[in-house]
Protein chains: 2
Amino acid sequence: MAKRVAPRKCSVADTLELVGDRWSLLVVRELSHGFHRFDQIVYHTGASRDILAARLRKLEAVGIIRRRLYNEHPPRYEYRLTSAGWELCDVLLTLMKWGDRHLNPDNPPLRYHHSCGEVLDPVVVCAHCGGPAVRGAHSPFGPALAQD
Amino acid sequence: MAKRVAPRKCSVADTLELVGDRWSLLVVRELSHGFHRFDQIVYHTGASRDILAARLRKLEAVGIIRRRLYNEHPPRYEYRLTSAGWELCDVLLTLMKWGDRHLNPDNPPLRYHHSCGEVLDPVVVCAHCGGPAVRGAHSPFGPALAQD
DNA sequence: CTAGTCAGTTGGAAATCCAAACTCACGGGC
DNA sequence: GCCCGTGAGTTTGGATTTCCAACTGACTAG
């Protein structure tokens, strides 16, 4: 009997397994902005405290954040992005750009200065030629497509 | 009495409101790969049929996909990305890249040829200077930060 | 006439989410 | 000593969402 479903094994799915919920990426956003404490993250994201506690555990378990004791007696922890966590900021930037274009076209709620002096306009390009990634991407290949 | 929470208004949060669940971005992935039909999407994503139906409605309502009748009697629909939907592929590429690096470092399950002839290596850069976006991004500004 | 296709819908159990209250260990003011 | 405030959680009880399998309805192929 044939399998009913065969979810495609792919890195997008694998990554979403870790951060594809309502709050995880917002946690990364807050940490990247320098808010490291539990109550600050609750305040700025709107997540409920129990869910946030669970997400912090999960993100720590998979190596996206690291818990740091900043006070003994009583033990108080704060959270920091690991290098893997910082790399998720690329994802945040593309999400932000999409939202700026399609949901807040008139005044983006948040922008960054870039080290070049301009306001950052993040684009995804091919590392080899510098051309737009999506428009030039074609003919996907790899094990994830073999199963069709 | 001070408000207990004040979720930051930002495009990342707004975008996640639309696609920040377990299945929506996988739907976009499948559509971008040329799978447009309900059963194909069920098969390749693993989403349950009722949830998928609900997500397709939502994605259509917000303008990420478009429903197209391809057969009358019985009415059969297929789904296509709108231009806004295609732009989400940038998000998929950054998610894929992160997953390739951190979850599937040995053999990425999926790659793309790029129009330049190389295998696509997507990077997020500043549109003005071409430098890495994240490393050079600093001093965020805008209404989303005013509330702190 | 039977089996298969296909885009959903339905029903019920299981998991998850949420807001608010509570806990525990402190520090400070009086 | 006693009360209040801070801060990172945990508990609670109820609402919501998700999951899964089975079902529907209108066809088509053999």
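Chain identifiers are assigned alphabetically (A, B, ...) following the order of the sequence lines, protein sequences preceding nucleic acid strands; residue numbering begins at 1 within each chain. Because only heavy atoms are used, hydrogens play no part in the values below, and waters and symmetry mates are left out as well, while side chains stay in.
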Could you tell me how far apart Q40(B) (CD) and dA7(C) (P) are, to the nearest whole angstrom? 8 Å
Measure from the side-chain heavy atoms of H73(A) and tell me the nearest of dG7(D), dC26(C), dC19(D). dC26(C)
If you only use heavy atoms from C-beta on, which nucleotide in dT10(D), dA25(C), dA26(D) is closest to the side chain of R76(B)? dA26(D)
Would you kindly give the CD-to-C1' distance between E60(B) and dG8(C), to the nearest whole Å? 14 Å
Could you tell me whether the phosphate oxygens of dT16(C), OP1 or OP2, come under 4.0 Å of any side-chain nitrogen or oxygen in R22(A)? no
Heavy-atom donor-acceptor pair, N71(B) side-chain to dC6(C) base, under 3.5 Å: no
Would R8(A) and E30(B) pass as an ion pair if we require N to O under 4.0 Å? yes
Side chain of Y79(A) - closest among dG9(D), dC26(C), dT18(D): dG9(D)
Any salt bridge between E78(B) and R67(B), counting N to O under 4.0 Å? no
Compare side-chain N and O positions of R67(B) against OP1 and OP2 of dG8(C) and report whether any pair is under 4.0 Å apart. yes
Got a sec: does the CZ of R135(B) have more than 12 other heavy atoms crowding it under 6.0 Å? no
Please determine if a side-chain N or O atom of R49(A) lies less than 4.0 Å away from the OP1 or OP2 oxygen of dT12(D). no
Testing dA7(C), dG8(C), dA25(C) for proximity to the side chain of R57(B), the answer is dG8(C)
Any donor-acceptor pair, under 3.5 Å, between the side chain of D50(A) and the base of dC17(C), if you only look at N and O atoms? no
Indicate the ring-plane relationship of H33(A) and Y112(A), choosing parallel, tilted or perpendicular according to the 30° and 60° boundaries. tilted
Looking only at dG9(D), dG8(C), dG7(D), the nucleotide nearest the Y77(A) side chain is dG9(D)
To the nearest Å, give me how far apart NZ (K58(B)) and P (dT18(D)) are. 9 Å
Between R68(B) (CZ) and dA7(C) (C1'), how many Å, whole number? 16 Å
Donor-acceptor side-chain pairing of D90(B) and T94(A) below 3.5 angstrom: no
Nucleotide dC26(C), atom C1' - distance to CG of D39(A) in whole Å: 15 Å
